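Values below: all heavy atoms of this structure, side chains included; hydrogens, waters and symmetry mates excluded. Keep in mind it's a predicted model, so treat the numbers as computed, not measured. In what follows, chains are A, B, ... by sequence order, proteins preceding strands, each numbered from 1.
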There are 2 protein chains.
Amino acid sequence: MSGPRFEPVRAVRAYERVVEQVEGAIESGALSPGERLPSERELMVQFSVSRSTVREALRVLQARGLVRSRPGDPNGAEVLPFSPAALHKSMTTLARVSELSLGELVQFRMVLDSAAILLAARLRTEEQLAEMAAAVERMKEADSEAFGAADVAFHDAVARASGNKLIQICTDVVRSIVVDLIAGKIASAPDGEALMRRSIGHHEEVLAAVRAGDGPLAARLSRQSMYDYYADYIPAEERVALRALLDYGDIGGP
Amino acid sequence: MSGPRFEPVRAVRAYERVVEQVEGAIESGALSPGERLPSERELMVQFSVSRSTVREALRVLQARGLVRSRPGDPNGAEVLPFSPAALHKSMTTLARVSELSLGELVQFRMVLDSAAILLAARLRTEEQLAEMAAAVERMKEADSEAFGAADVAFHDAVARASGNKLIQICTDVVRSIVVDLIAGKIASAPDGEALMRRSIGHHEEVLAAVRAGDGPLAARLSRQSMYDYYADYIPAEERVALRALLDYGDIGGP
DNA sequence: GTAGCCTACTGGTCCGACCAGTGCACTAGC
DNA sequence: GCTAGTGCACTGGTCGGACCAGTAGGCTAC
């Protein structure tokens, strides 16, 4: 017969229990962004642990992006509003140690971006549409530096219009990773000027499709646009997988 | 005139420099998974910092999922193979403090899963197809517990067949978050038995479409399947956004 | 009234100590 | 000879105390 099923007792370190408590307070809303934690010396009394333990706990919370501490600040550590910084960090690490290829990253962007655009074509407000249009205008008049910024603004407006915060955050994170990866290369592109002009044309078409409410068309155009933009940086054998998202003629409609 | 543009010097803490060096060694491959770091006392000599500083650095590295340390282990901290644990953690935090709704999470899954299936229909090997088929068979013969496991196995096989590690990891992370969120609810579902039967039918259709190489059809079916499966848990006003992914009749073809 | 200093805190770092674990070499027993 | 058991030397986890540089806010002197 099997006796009572005992749970394995994982040795839980003191600093972990401190982390759990503070984390719980933040997630439950008992501690809001902008509020301050007690000082380390105060915390060591409240938790009855040493300052080393408190500090290790704070380091973990800081690594998770929940808290920030400044030396000399008489108010103690500050509870931060959530930022995708931690997500960004772990995804960047993933990209490096897990050897994500540029192709995979771009493919991921094609999927998420086109989904965002498909949704935006349906759900966007007039305001958001105006933002996208403004970004495209800025792309036209920009030098190669401002061009990137305007491009980001466009895609960010689209992502927000999709109404899905997770899509918005993930597109943002992956985009910045891709941009970092090919940083410098874009300047040395065989024909950066032509690339920019073509990209502007693509964006205008996408914008028109969003304005018309034709999500499938907008999504298809955006995938094609991203493929064209990055294809030169991606090894030929990897491009096949990316084209699998295009070949159907239309992942977004007939 | 503007003089030389000086960079703002952010005060870099000692433990951060330790983190950077170890992190760099791991990312560059100088330190491989399974290898051991020197002991804390050895590290404090090498970095010429105190043990507290070394420990805070190790806590950060541990929080990022790069190393693990066991008390008493004579070999020092172990370099871990990358696991999406850190990604999972930060995304879970995101879901909680950033108040991601179940609807947004499911919508995200619909996007990623259908993209994975679209790619899998194109790129899958016979082996991977067999895995998917085996998983569906297990779903048929399983009780409600094993059903979930088989379901996971199916989607995991699909994600692997997509050939995109990022898609694979993200679907996995988001799936587990969704499952946690509705844990317990599924048992109390109005008609769990019927839901399971319907789900099996859907999976068989998806599998058939993948086998036939009809990616767009498979993708459409999978979105519909996921929508049907989770719709009951999602408030009506949120369902509209999810249906935006279905209404086009076919985000994957005519 | 204001400019500047002073003080009482903060977090960052260091040191030294103790404890409970772990792995390994060594030894006692077969 | 080989195995089973025992120490030992080390590990990480925690503690306490100490010092430093930095900050904010009150206080003083102008």
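- Arg51(A) comes within contact range of at least one nucleobase, with a heavy-atom separation under 4.0 Å.
- The residue among Tyr15(A) and Arg41(A) whose nearest nucleotide of DNA chain D is located toward the 5' end is Tyr15(A).
- For the pair Ala241(A) and Leu123(B), the tightest heavy-atom approach, listed with the atom from each and the gap, is CB-CD1, 4.3 Å.
- Dashed line: the shortest gap from a side-chain N or O of Ser50(B) to OP1 or OP2 of dT13(C) is not under 4.0 Å.
- At the heavy-atom level, Ser52(B) lies under 4.0 Å from base atoms of the strands shown.
- For the residue pair Arg59(A)/Tyr15(A), the side-chain donor-acceptor check at 3.5 Å is not satisfied.
- In terms of phosphate contacts, Arg55(A) brings a side-chain nitrogen or oxygen within less than 4.0 Å of OP1 or OP2 of dG12(C).
- Side-chain polar atoms of His203(B) and Asp151(B) form a donor-acceptor pair below 3.5 angstrom.
- For Glu40(A) and dG17(D), the CD to C1' distance is 15 Å, given to the nearest whole Å.
- Not one side-chain nitrogen or oxygen of Ser69(B) sits closer than 4.0 Å to the OP1 or OP2 atom of dG12(D).
- Salt-bridge check for Asp73(B) with Arg36(B): passed, with a basic side-chain N closer than 4.0 Å to an acidic carboxylate O.
- If you measure from atom CG of Asn75(A) to atom C1' of dT23(D), you get 10 Å, rounded to the nearest angstrom.
- One finds no salt bridge joining Arg70(A) and Glu78(A) here, because no Lys/Arg side-chain nitrogen approaches an Asp/Glu carboxylate oxygen to under 4.0 Å.
- Spacing between atom CZ of Arg68(B) and atom P of dG12(D) amounts to 14 Å, rounded to whole angstrom units.
- Rounded to an integer number of Å, the gap from Met44(A) CE to dT10(C) C1' is 14 Å.
- We find that CD of Glu56(A) is positioned 14 Å from C1' of dT13(C), with the value rounded to whole Å.
- Whole-Å rounding puts the Arg70(A) CZ to dT13(C) C1' distance at 19 Å.
- What separates CD of Glu78(B) from C1' of dG12(D) is a distance of 14 Å, to the nearest Å.
- Side-chain N/O atoms of Thr53(B) include none lying less than 4.0 angstrom from OP1 or OP2 on dG12(C).
- Note on Arg59(A): only backbone sugar-phosphate atoms sit closer than 4.0 angstrom, heavy atoms only; bases stay farther off.
- Glu42(A) has its CD atom 15 Å from the C1' atom of dG11(C), to the nearest Å.
- OP1 or OP2 of dG12(C) sits under 4.0 Å from a side-chain N or O of Arg13(B).
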